[in-house]
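The structure appears below as structure tokens.
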Amino acid sequence: MDSTASTSLASLWDQVSGTQPDPDLWVVIATLVAALAVIVPQGVWRLSRNAITIAHEGGHGLVALLTGRSLSGIRLHSDTSGLTVSRGKPTGLGMILTAAAGYTAPPLLGLGGAALLGVGRITLLLWLATALLVAMLVMIRNAYGALTVVLTGGTFLVVSWLTGPQVQAAFAYAVVWFLLLGGVRPAFELQAKRSRGGAGDSDADQLSRLTHVPAGLWLFLFHAVSLCSLLGGGRWLLGQ
């Protein structure tokens, strides 16, 4: 019995950690177009931005834990806003990194996903994403947030278990393109809101109060991370 279980686990690990063939270039281009189709139109973006909010708030939560803070909970709202509450020292490096992790999380996750796809680790990417969503679900503290994460995680699970390699590859590339491209737009939206006198308690403003560095420079950092991630990740996805 133990030998059979060990063999099954070894086989599962080989399946997860093994490499899969790259999709044809037309599939990569088609998933790029599909990602743009759910990011550029404002009406569709109001819905698809929920997935970026999951990554944004998940970034706050993960870095809070990694820096030794206590994570109280995460809320996701239907207007695509979110709130991550952590306890710990209200100043210092841990708080700064936690505040900076939100806008940088989606593009950096996209960059990491592109790196995995660049070496053919499609199944590993899907399983890692599912595991992160399950871990995040534990910390969700409102019904809408729980529903959003369950639906997103369920989609990853269905694709991972019930579809073939070609569908998995197309889905993985679409997700990574979405994170890379969708990670660019929120920083521009924040900049536009601040130019109109809004978003006075944004991540950039909180960072400014924590570090005495102007919020505009933090906005520049958000732009730099998202655009550099898009350029680097795009090269990996396109096989350049």
Side-chain angles (χ1 to χ4, degrees), residues 39 42 45-112 132-133 135-146 148-149 152 178-230:
I39 291 170
Q42 182 62 30
W45 175 242
R46 290 194 188 99
L47 178 62
S48 64
R49 197 183 194 280
N50 283 283
I52 295 296
T53 303
I54 290 175
H56 180 115
E57 299 302 331
H60 283 313
L62 178 60
V63 173
L65 292 174
L66 291 176
T67 55
R69 299 180 63 79
S70 175
L71 185 58
S72 301
I74 298 172
R75 291 178 176 270
L76 306 173
H77 303 129
S78 59
D79 63 354
T80 73
S81 65
L83 176 66
T84 299
V85 179
S86 63
R87 294 195 302 269
K89 188 178 178 182
T91 58
L93 183 60
M95 188 62 204
I96 293 170
L97 292 175
T98 298
Y103 280 92
T104 56
L108 290 178
L109 286 171
L111 182 63
L132 287 173
L133 287 165
M136 185 174 179
L137 180 61
V138 176
M139 300 309 302
I140 295 294
R141 296 293 182 264
N142 68 322
Y144 181 83
T148 303
V149 175
T152 305
F178 175 76
L179 287 171
L180 289 170
L181 293 163
V184 172
R185 184 165 178 174
F188 283 100
E189 291 178 333
L190 176 58
Q191 184 174 1
K193 288 180 182 178
R194 296 190 77 259
S195 69
R196 297 191 296 267
D201 198 36
S202 70
D203 291 356
D205 294 283
Q206 292 179 38
L207 285 162
S208 179
R209 290 192 292 270
L210 287 166
T211 62
H212 305 293
V213 173
L217 288 181
W218 286 106
L219 260 174
F220 175 81
L221 173 66
F222 297 159
H223 284 307
V225 170
S226 62
L227 292 172
C228 289
S229 296
L230 175 58

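The figures that follow rest on heavy atoms only: side chains count, while hydrogens, waters and symmetry mates do not. All values derive from a computational prediction rather than experimental measurement.
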**Atom CZ of Phe220: over 12 foreign heavy atoms under 6.0 Å** =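 No, not enclosed.
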
**Prompt:** Tell me the side-chain hydrogen bond (donor to acceptor under 3.5 Å, both in side chains) pairs involving residues 219-228, sequence neighbours left out?
**Reply:**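 Qualifying pairs, neighbours excluded: Gln191-His223.
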
**Item:** Pair listing, side-chain hydrogen bond (donor to acceptor under 3.5 Å, both in side chains) test, anchored in residues 209-220, at least two apart
**Value:** Asp201-Arg209, Thr211-Trp218

What distance separates [X] [atom1] from [Y] [atom2], expressed to the nearest 0.5 Å?
X	Y	atom1	atom2	result
Glu57	His77	CD	NE2	9.0 Å
Leu207	Leu221	CG	CG	8.5 Å
Leu137	Thr148	CG	OG1	10.5 Å
Asp79	Tyr144	CG	OH	8.5 Å
Leu180	Phe178	CG	CZ	11.0 Å
Thr80	Ile54	OG1	CD1	11.5 Å

**Prompt:** Does Asn50 reach the main-chain N or O of Ser78 with its side chain, forming a donor-acceptor pair under 3.5 Å?
**Reply:**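 Side chain of Asn50 to backbone of Ser78: no pair is present.
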
**Request:** Check for a donor-acceptor pair, side chain of Ser72 on one end and backbone N or O of Ser86 on the other, with a separation under 3.5 Å.
**Result:**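 Such a contact is absent between Ser72 side chain and Ser86 backbone.
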
**Asked** Is there a side-chain contact between Pro107 and Leu230 (heavy atoms, below 4.5 Å)?
**Response**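 No. Closest side-chain heavy atoms not under 4.5 Å.
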
**Asked** Is Asp203 close to His56 at the side-chain level, that is, under 4.5 Å between some pair of heavy atoms?
**Response**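 Touching, per the 4.5 Å side-chain cut-off.
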
Got a sec, which residues hit salt bridge (Lys or Arg N to Asp or Glu O under 4.0 Å) with [X], two or more places apart in sequence or on another chain?
X	answer
Arg194	Asp205
Arg46	none
Arg49	Glu189

Looking at every heavy atom in both [X] and [Y], which two are closest together, and how far apart are they?
X	Y	value
Ala146	Ile140	N-CG2, 3.2 Å
Ile52	Gly182	CD1-C, 3.8 Å
Leu179	Ala55	CD2-CB, 4.3 Å

Using atom types as modelled, flag every donor-acceptor pair under 3.5 Å from a side chain in residues 88-106 to any protein atom, sequence neighbours excluded.
| from | atom 1 | to | atom 2 | distance (Å) |
| --- | --- | --- | --- | --- |
| Thr98 | OG1 | Gly94 | O | 2.8 |
| Thr104 | OG1 | Ala100 | O | 2.8 |
| Thr104 | OG1 | Ala101 | O | 3.4 |

